[in-house]
Amino acid sequence: MPELPEVESYRRYFEATALHQTVREVEVLDSKVVKVDPDYLRQQLVGQRFTGTDRIGKYLFVHLSSGRVLLLHFGMTGELAHYAPTAELPRFTRVRFGLANGYHLAFVDPRKFGRIELGDSVPQFQAAKGLSADALKLPLDNFKAALAKRMAPIKSVLLDQAVAAGVGNWIADEMLFQARVHPLRRAAHLTQAETAGLHQVMLHILELAVAHEAYYRDFPPYFLLHSRGWTDAPIAPCPGCAGEVAKTEVGGRATYFCPRCQPTAP
DNA sequence: CTGAGTGTTCTTCG
DNA sequence: ACGAAGAACACTCA
C-alpha cells in the first residue's frame, strides 16, 4: 500500500485527526519499529504538540512543538488508525500515541517493516536517507540527470528513492507502461523523449492517484494497475492492446508489463 | 504447506 | 568510491 499516494493520504489523515493535539502517552508495543530507545521517544514526545506535517516520497514527517521532527515510514504494510477512547487497540498496532483529547493514534504495521524515528529537521532526514526531491515536485532536468548515469534496468532505477522519491513498485510499472518503455531497458540508454515521457506520466499517475486517495478501483481503465489482480475483478488484459499482460521479476521485484506495448529497444 | 507481497538496508563483488 | 545485484528483514494471507 504505502507508496507516495498512500502516504499523502496518511499525511492528510494525520492532519485531520491529530494535528494540534498534545501527546499524553506513548506506548511502544514492538520496539522493532522504533529506531530510538522507547523511553527516549516517550520523553521526547509526551507533553509536545503536533504542529505540522511534511512529506517527501514515502516518508511522513511530523513537526513537534519542541522543534524536533518525528519521522514515520510505513514499510510495506503500515498505516495509521485514529480511534476513540473506548475503542479497542487495532490489531497489529506497534506504537500507540495517546492524545490529550482521549483519542488514540495507532501506528499499525503487521509486517514490521515500518520505522519511527526522531530527528532535528526534514532536510537532515532527507540527506541522511539520500532522498531526491519528492516525485511530485521533481524537475525534469533532475530526473534526466539521475537516469543518465545508471546502467541498471530502468525498472530498478525508478525504485531508487534518490532518483524520484515516492515511486514504488506499482507506480514504476505504471510509468513504464504508460510511457511504453520496457522495464529491462538500461536507464542511461533511454532517449531524451522517453525520459521526458516517463517524467510526464509520473506526474500524471501521482496526481491522479493522490486525487483518488490511492483507491485503486477508481483509477481510469487505461491503467495497467488493473492487470495486477488487486481488485476483486479477475486479472485484466492489457488496457492498451487487450493482450495478455506479462509478469516477471526485475531486481527481485514483481514486474508487470505488456510485451507488445512495451517492446525492447533495438 | 508453500509462496508471494506495496520497501529499505546491508553486504558482496567488481 | 560507487554502482549493481542479491539477500535479509518479519509476518500475514491466499
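Chain naming here is simple, since letters A, B, ... match the order of the sequence lines and numbering starts at 1 in each. These numbers were taken from a predicted model, which means no experiment stands behind them.
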B/dT11 versus C/dA10 - spacing of their P atoms, nearest Å: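 Taking atom P in both B/dT11 and C/dA10, they lie 15 Å apart.
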
Listed by chain and number, what are the side chain to side chain donor-acceptor pair (under 3.5 Å) partners of [X], not counting sequence neighbours?
{"X": "A/E244", "result": "none"}
{"X": "A/E117", "result": "A/K129"}
{"X": "A/H73", "result": "none"}

Per the ring pair (Phe, Tyr, Trp, His ring centres under 6.0 Å) rule, what does the pair list look like for residues 13-34 of chain A, sequence neighbours excluded?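 Pairs touching residues 13-34 of chain A that pass the test: A/F14-A/F50.
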
Among pairs that include at least one residue of residues 123-145 of chain A, which meet ring pair (Phe, Tyr, Trp, His ring centres under 6.0 Å), considering only residues two or more places apart or in two chains?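 Applying ring pair (Phe, Tyr, Trp, His ring centres under 6.0 Å) to every pair that reaches into residues 123-145 of chain A, excluding sequence neighbours, yields A/F61-A/F125, A/F143-A/H199.
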
Are OP1 or OP2 of B/dG7 and a side-chain N or O of A/H73 less than 4.0 angstrom apart?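 No, outside the criterion.
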
Taking only side-chain nitrogens and oxygens of A/R253, does any of them come within less than 4.0 Å of OP1 or OP2 of B/dG5?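 False: A/R253 side-chain N/O out of range (4.0 Å or more) of B/dG5 OP1/OP2.
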
Among A/H63, A/R11, A/Q126, side chain to side chain donor-acceptor pair (under 3.5 Å) partner for A/D54: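 For A/D54, the side chain to side chain donor-acceptor pair (under 3.5 Å) test succeeds with only one of A/H63, A/R11, A/Q126, which is A/H63.
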
I'd like to check the ring pair (Phe, Tyr, Trp, His ring centres under 6.0 Å) partners of A/Y103; sequence neighbours left out, ordered by chain and number.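 Testing A/Y103 for ring pair (Phe, Tyr, Trp, His ring centres under 6.0 Å), a comparison that skips the adjacent residues, returns A/H82.
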
Given atom CE of A/M76 and atom C1' of B/dT9, what is their separation to the nearest angstrom?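 Between C1' of B/dT9 and CE of A/M76: 13 Å.
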
If I take atom CG in residue A/L159 and atom C1' in nucleotide B/dT9, what distance separates them, rounded to the nearest angstrom?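 Those two atoms, CG and C1', are 14 Å apart.
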
Dot-bracket summary - DNA chain C, pairs being Watson-Crick or G-U whose distances fall under 3.5 Å, with | when paired to another strand: .||||||||.||||

For DNA chain C, which residues in residues 108-118 of chain A have a heavy atom at a distance below 4.0 Å?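 Output list: A/P110, A/R111, A/K112, A/F113.
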
Have a look at [X] and say if it touches a base, only the backbone sugar-phosphate, or nothing, with a 4.0 Å heavy-atom cut-off.
{"X": "A/K149", "result": "nothing"}
{"X": "A/G252", "result": "nothing"}
{"X": "A/F92", "result": "sugar-phosphate"}
{"X": "A/P153", "result": "sugar-phosphate"}

Along DNA chain C, first and last positions that approach a heavy atom of chain A under 4.0 Å: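 Counting from the 5' end, contacts occupy C/dA4 to C/dC13.
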
A/D37: salt bridge (Lys or Arg N to Asp or Glu O under 4.0 Å) partners, not counting sequence neighbours: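 Listed in chain order: nothing, the list is empty.
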
Not counting sequence neighbours, which residues clear salt bridge (Lys or Arg N to Asp or Glu O under 4.0 Å) with A/D173? List them please.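 With neighbours one apart ignored, the set is A/K155, A/R228.
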
Please tabulate, for side-chain N and O atoms in residues 200-213 of chain A, each donor-acceptor pair with protein atoms closer than 3.5 Å (sequence neighbours left out).
residue : atom : partner : partner atom : Å
A/H204  : NE2  : A/Y222  : OH           : 2.8

Identify which nucleotide among B/dT9, B/dG7, B/dT8 has an atom closest to any side-chain atom of A/Q161, counting heavy atoms from C-beta outward.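 Selected nucleotide: B/dT8.
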
For A/Y83 and A/H104, take the angle between the two ring planes, folded into 0 to 90°, and tell me which bin it lands in: parallel under 30, tilted 30 to 60, perpendicular over 60.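 Correct class here is parallel.
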
